[in-house]
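Predicted model, so just to flag it, every value in this text is computed and none were measured.
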Amino acid sequence: MTPEIRKTVTYDEEVLIEGFRKADTPWRLFAVAAVVTNPWAGRYVDDLKPEIQAYGPILGQMLTDRMTTLAGGGDKIEAYGKAAVVGLNGEIEHASGLIHTLRFGNFYREAVGAKSYLAFTNTRGPANAPIMVPLMDKNDAGRRSHYLTIQFAIPDAPRDDEIVVCLGAALSGRPHHRIGDRYQDLKDLGHDVDNPAAV
């Protein structure tokens, strides 16, 4: 059982001027998406596990290889995330199923040496629906400079019976970040940085 991949799409953005000021280093964000036939389209399926287990490693490895090649190595990636958009003849559960499995995400985590979880979105939409890939620092979930979102669209995907599965990355945080991080907020509010729920 292997995924039927109609095509792959690469999005690559390099920002030279941000906020009316030149970036010291170009700010690069990129993503790779696979347009896959939805094996569950048009029907309710109780057990999604066989396809999830079969598709996850294939898609995870393929997209990760493309991402690390674009970056020039996994160590160059500082922020990362994932997304899936299911077509109108599918469930949100189908989009979730293909990206919320360690059989998919662990390829990317290991390739970039990450400690943080993979930020994500899973949505439904027609062809040309926005693909929103939220990013966060691969090692520090509180580093706000790396709270980013890649947005792009594929004019002919997802078709009603397809799922777009995507990984995203940035090689740095925002060029002129100046809003601090969540740790300073916690201190200012009198919270324990190591136990934010404690007052």
Side-chain angles (χ1 to χ4, degrees), residues 1-15 27-43 45 48-74 76-77 79-112 114 118-135 138 148-171:
M1 187 186 308
T2 58
E4 182 180 65
I5 300 170
R6 180 163 65 86
K7 66 177 180 177
T8 60
V9 175
T10 299
Y11 173 85
D12 197 338
E13 178 180 4
E14 190 172 70
V15 179
W27 179 32
R28 186 159 169 242
L29 305 97
F30 53 93
V32 176
V35 180
V36 183
T37 298
N38 181 351
W40 312 293
R43 60 201 175 98
V45 178
L48 307 181
K49 194 171 182 179
E51 290 82 3
I52 289 171
Q53 291 187 348
Y55 287 24
I58 295 169
L59 294 170
Q61 183 72 70
M62 180 191 76
L63 294 175
T64 296
D65 288 348
R66 289 173 182 246
M67 292 295 288
T68 54
T69 298
L70 281 167
K76 304 276 196 312
I77 292 172
Y80 74 155
K82 61 186 176 181
V85 182
V86 66
L88 299 180
N89 211 14
E91 298 176 50
I92 295 292
E93 192 74 358
H94 301 162
S96 297
L98 292 188
I99 64 170
H100 293 302
T101 170
L102 298 180
R103 289 174 172 84
F104 173 78
N106 272 1
F107 288 96
Y108 197 24
R109 280 188 204 90
E110 290 168 9
V112 304
L118 266 163
F120 65 90
T121 57
N122 29 248
T123 57
R124 178 172 41 229
N128 213 37
I131 301 165
M132 309 286 283
V133 191
L135 308 180
K138 67 181 181 181
L148 308 167
T149 305
I150 296 171
Q151 180 178 342
F152 67 106
I154 304 172
D156 67 343
R159 294 174 178 166
D160 287 352
D161 64 346
E162 291 179 333
I163 305 172
V164 176
V165 178
C166 183
L167 294 178
L171 301 189

Using the side chain to side chain donor-acceptor pair (under 3.5 Å) rule, pick out the option among H94, E51, E93, E91 that qualifies with W40. E51
Nearest heavy-atom pair of [X] and [Y]: which atoms, and what distance?
{"X": "L148", "Y": "A79", "answer": "CD1-CB, 4.4 Å"}
{"X": "P39", "Y": "Y55", "answer": "CB-OH, 3.6 Å"}
{"X": "P3", "Y": "V36", "answer": "CB-CG1, 3.8 Å"}
{"X": "V85", "Y": "P130", "answer": "CG2-O, 4.1 Å"}
{"X": "A153", "Y": "I131", "answer": "CA-CD1, 4.4 Å"}
{"X": "I77", "Y": "A169", "answer": "CG2-CB, 3.8 Å"}

Side-chain H-bond candidate by donor/acceptor type, T10 with R66, under 3.5 Å: no
Identify each donor-acceptor pair in which a side-chain atom of residues 155-167 lies under 3.5 Å from a protein atom, sequence neighbours left out, and give them as a table.
unit_1	atom_1	unit_2	atom_2	d
D156	OD1	K7	NZ	2.8
D156	OD2	R6	NH1	2.9
D156	OD2	K7	NZ	3.3
E162	OE1	R6	NH2	3.0
E162	OE1	R159	N	2.9
E162	OE2	R6	NE	2.6

Please collect all salt bridge (charged side-chain N to carboxylate O under 4.0 Å, His left out) contacts where either partner lies in residues 27-43, sequence neighbours excluded, each pair once. D12-R28
Carefully, step by step, assess I5 and V35 under the rule side-chain contact (heavy atoms from CB on, under 4.5 Å). CA-CA 6 Å; I5 300 170; V35 180; 5.8 Å; no
Atom CD of residue position E4 - does it have more than 12 heavy atoms of other residues, nucleotides or ligands inside 6.0 Å? no
In Å, rounded to the nearest 0.5 Å, how long is the span from [atom1] of [X] to [atom2] of [Y]?
{"X": "F104", "Y": "K82", "atom1": "CZ", "atom2": "NZ", "result": "7.0 Å"}
{"X": "L59", "Y": "T8", "atom1": "CG", "atom2": "OG1", "result": "11.5 Å"}
{"X": "L29", "Y": "Y11", "atom1": "CG", "atom2": "OH", "result": "7.0 Å"}
{"X": "R109", "Y": "L102", "atom1": "CZ", "atom2": "CG", "result": "6.0 Å"}
{"X": "F30", "Y": "E14", "atom1": "CZ", "atom2": "CD", "result": "11.0 Å"}
{"X": "I58", "Y": "L63", "atom1": "CD1", "atom2": "CG", "result": "11.5 Å"}

Are [X] and [Y] close enough that some pair of their side-chain heavy atoms sits under 4.5 Å apart?
{"X": "N38", "Y": "N89", "value": "no"}
{"X": "S96", "Y": "H100", "value": "yes"}
{"X": "M62", "Y": "F107", "value": "no"}

Look only at the side chain of T121 and the backbone of M132, and say whether a donor-acceptor pair between them is shorter than 3.5 Å. yes
May I ask you to decide if V112's main-chain N or O and K138's side chain share a donor-acceptor pair within less than 3.5 Å? yes
